Protein chains: 2
Amino acid sequence: MENYMQDAFLPLRDVVFKTLRQAILTGELKPGERLMEIHLANKLGVSRTPIREAIRQLELEGLVIMVPRKGAQVASITEKSLTDVLEVRLALEKLAVDLACRRINYEQKERLKETLLAFEALAETDDAGQIARADVAFHDAIFDATGNMRLGQMVNNLAEQMYRYRFEYIKDRSGHRKLVEEHRLIYDAIISGDVETATKEISVHIKNQEASIIKKIRSEEGQG
Amino acid sequence: MENYMQDAFLPLRDVVFKTLRQAILTGELKPGERLMEIHLANKLGVSRTPIREAIRQLELEGLVIMVPRKGAQVASITEKSLTDVLEVRLALEKLAVDLACRRINYEQKERLKETLLAFEALAETDDAGQIARADVAFHDAIFDATGNMRLGQMVNNLAEQMYRYRFEYIKDRSGHRKLVEEHRLIYDAIISGDVETATKEISVHIKNQEASIIKKIRSEEGQG
DNA sequence: TCTTTGTATATTGTATGCAATATACAGTAT
DNA sequence: ATACTGTATATTGCATACAATATACAAAGA
């Protein structure tokens, strides 16, 4: 936790922000858990000021919720909040592939192909972390092709809020073949400029994720 | 009344945040202008701490940009950043009217009608501030009908980034008739559940705004 | 026993002090 | 005159002290 030397050039508030975000997304900090400033400051070896500023950012990202005079706690994901987020995310992912179909250039096609092949190769392995990163890289290549950076930022922010459950649909290898197939269909559609197929396939892709995450949430509610 | 009580207990950082945002959106603080903590603290009669926290929020909202160790300055809107934002906003506004068509209930229809009539009445006047608020109320009623709060938040955040130019298409009374007509078409489509017409008309509505804002930006660039 | 109230403690909200860094400007050398 | 450099100033980054408020818990009364 105290190894922020590697990012020594960054402001402490950003280091703290990244540290806390990571802790939330990996489940080290669990939904509902309170984020107490003094405690975190001691743990990370900094003062309360950068902790406070980091918590404010996390709030804006939707990862924590703040109650005035009571402090912050890790946001808990309800099925409703998840479907709300996914409803918006689906619309933006569709927009992204639509724009990508129309605007992608040669270099971007090359890069998209690289990320696709990297993902396919990693899908044969069991390294869930690497697979997750390759998945992000593929989608980032699509956003890059849209030429609209803000769109990519917004979708990444929405996607981040369900990273806590991302491993669920990556863990079981039976799903890998399906993921690879979905990516391939999206890729082919974008390369050939087929807007209709691209938006249809990205919808399938997102909805499959939604289904597996909701399944996970329900099972957690069942036992919790 | 409730609002008054809440405002009285609102943390200073939120008061400062609202104050600075208002100053930016009204043009009192101009693009490129530096936001210096001590200066603002003296001006608003508070310490630097709530100023800092407010500036961080403004950064996350895209209204200011921060340079490490140099401070914050009011974000300047380029034509590219504006079209990027509007591209995303259009997709989300379409999603909103789509969902509203399918999900709106009786009370929400009543409220939507009220906001429509209020806007139509105010469009006859010259009070640009009131007209702007009525416009926001109408769109908020649509978001309310979607049942997806997050969608409304996100669109409002995007819309906020062009409030600086909002008065441009409200000021000239010749445009009022067009605005009223557009609202009416959107309203009718939502009430009758006509998804196709609703999304088409909201597109027209947004694109008209885009055109007038871009016109304004270009004229500013010309003289500035 | 249950409720209420008072008090001690914990925690956040705000102000301020100090250190690190950037900026501005004068003075000097070329 | 111009470029460079050193110093003073301005400004942010971080830490800490103090104030305001919420929380927990115990004691007292119904």
Side-chain angles (χ1 to χ4, degrees), chain A residues 1-21 23-24 29-76, chain B residues 2-21 23-24 29-75:
Chain A
M1 273 281 212
E2 286 114 4
N3 62 339
Y4 52 79
M5 272 315 206
Q6 52 189 1
D7 293 314
F9 52 93
L10 277 178
L12 273 184
R13 60 168 176 271
D14 291 332
V15 178
V16 173
F17 170 69
K18 289 183 177 181
T19 305
L20 292 181
R21 181 174 59 180
I24 292 173
L29 289 170
K30 293 183 176 53
E33 193 166 335
R34 290 184 67 183
L35 298 173
M36 286 176 297
E37 297 172 2
I38 296 177
H39 180 236
L40 291 172
N42 292 337
K43 196 166 179 182
L44 299 178
V46 300
S47 79
R48 283 175 54 207
T49 306
I51 300 281
R52 285 174 70 81
E53 297 184 344
I55 288 177
R56 296 291 177 285
Q57 295 203 202
L58 290 168
E59 184 196 14
L60 273 278
E61 301 246 308
L63 291 175
V64 312
I65 54 178
M66 294 206 52
V67 183
R69 291 248 159 240
K70 263 194 68 177
Q73 60 184 142
V74 179
S76 47
Chain B
E2 290 155 310
N3 283 341
Y4 175 76
M5 290 302 282
Q6 282 179 6
D7 273 5
F9 290 108
L10 217 53
L12 273 183
R13 61 169 176 273
D14 291 332
V15 177
V16 173
F17 171 69
K18 289 184 177 180
T19 304
L20 292 181
R21 180 173 60 178
I24 292 172
L29 289 170
K30 293 183 177 54
E33 191 165 338
R34 289 184 67 184
L35 298 173
M36 286 175 297
E37 297 173 1
I38 296 177
H39 179 236
L40 291 173
N42 292 337
K43 194 168 177 182
L44 299 179
V46 301
S47 80
R48 282 175 55 209
T49 305
I51 300 282
R52 285 174 70 82
E53 298 186 341
I55 288 177
R56 297 291 178 284
Q57 299 213 175
L58 289 168
E59 185 195 13
L60 274 278
E61 301 245 310
L63 290 176
V64 311
I65 55 178
M66 292 207 54
V67 183
R69 289 248 154 240
K70 262 195 65 178
Q73 58 186 78
V74 178

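We name chains A, B, ... by the order of the sequence lines, and we start the count at 1 in each one. If you're wondering where the values come from, they're calculated on a predicted model, not measured in any experiment.
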* Please assess B:R21 against B:L58 for the test side-chain contact (heavy atoms from CB on, under 4.5 Å), listing each intermediate value before the final yes or no. => CA-CA 7 Å; B:R21 180 173 60 178; B:L58 289 168; 4.0 Å; yes
* To do: Carefully, step by step, assess B:E61 and A:L60 under the rule side-chain contact (heavy atoms from CB on, under 4.5 Å).
  => CA-CA 9 Å; B:E61 301 245 310; A:L60 273 278; 4.2 Å; yes
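When distances are taken from the side chain of A:R69 to each of D:dT12, D:dA22, C:dT14, the shortest belongs to D:dA22. When the nucleotides C:dT14, C:dG17, D:dA22 are ranked by their closest atom to the side chain of B:R48, C:dG17 comes out on top. Counting only heavy atoms from C-beta on, B:M36 has its side chain closest to D:dT11 among D:dG13, C:dT12, D:dT11. Ranking C:dA15, C:dG13, D:dT12 by closeness to the A:R52 side chain, first place goes to C:dG13. Each of C:dT23, D:dA15, D:dG13 was ranked by its minimum atom distance to the side chain of B:E37; first place goes to D:dG13.
Contact check, B:K70 against D:dT12: no side-chain N or O comes under 4.0 Å of OP1 or OP2. Here B:S47 reaches the OP1 or OP2 of C:dA15: one of its side-chain N or O atoms lies under 4.0 Å away.
Using a 4.5 Å cut-off on side-chain heavy atoms (C-beta onward), B:T49 and B:E53 make contact. Side-chain contact check for A:D14 versus A:Q57: some heavy-atom pair is nearer than 4.5 Å. Residues A:R52 and B:R52 form no side-chain contact, since every pair of their non-hydrogen atoms from C-beta on lies 4.5 Å or further apart.
Backbone-only contact: A:L35 has heavy atoms under 4.0 Å from sugar-phosphate atoms and none from a base.
Put simply, CG on B:L10 is 14 Å from P on D:dT21, counting in whole angstrom units. Atom-to-atom, NE2 of B:H39 to C1' of D:dT12 comes out at 16 Å; the value is rounded to the nearest Å. Rounding to whole angstrom units, CD1 of residue A:I38 and C1' of C:dA10 are separated by 8 Å. When rounded to the nearest whole Å, the span between CD1 of A:I51 and C1' of C:dG13 equals 16 Å. The CG atom of A:D14 sits 16 Å away from the P atom of D:dT12 (whole-angstrom rounding). Distance, A:R56 CZ to C:dT14 P: 9 Å, rounded to whole Å. Taking atom CD on B:Q73 and atom C1' on D:dT11, their separation rounds to 14 Å, with Å as the unit. The nearest whole Å value for the distance from the CG atom in A:L40 to the P atom in C:dT11 is 11 Å.
Mapped onto DNA chain C by nearest heavy atom, B:V46 and B:R34 fall at different nucleotides, with B:V46 at the one closer to the 5' end.
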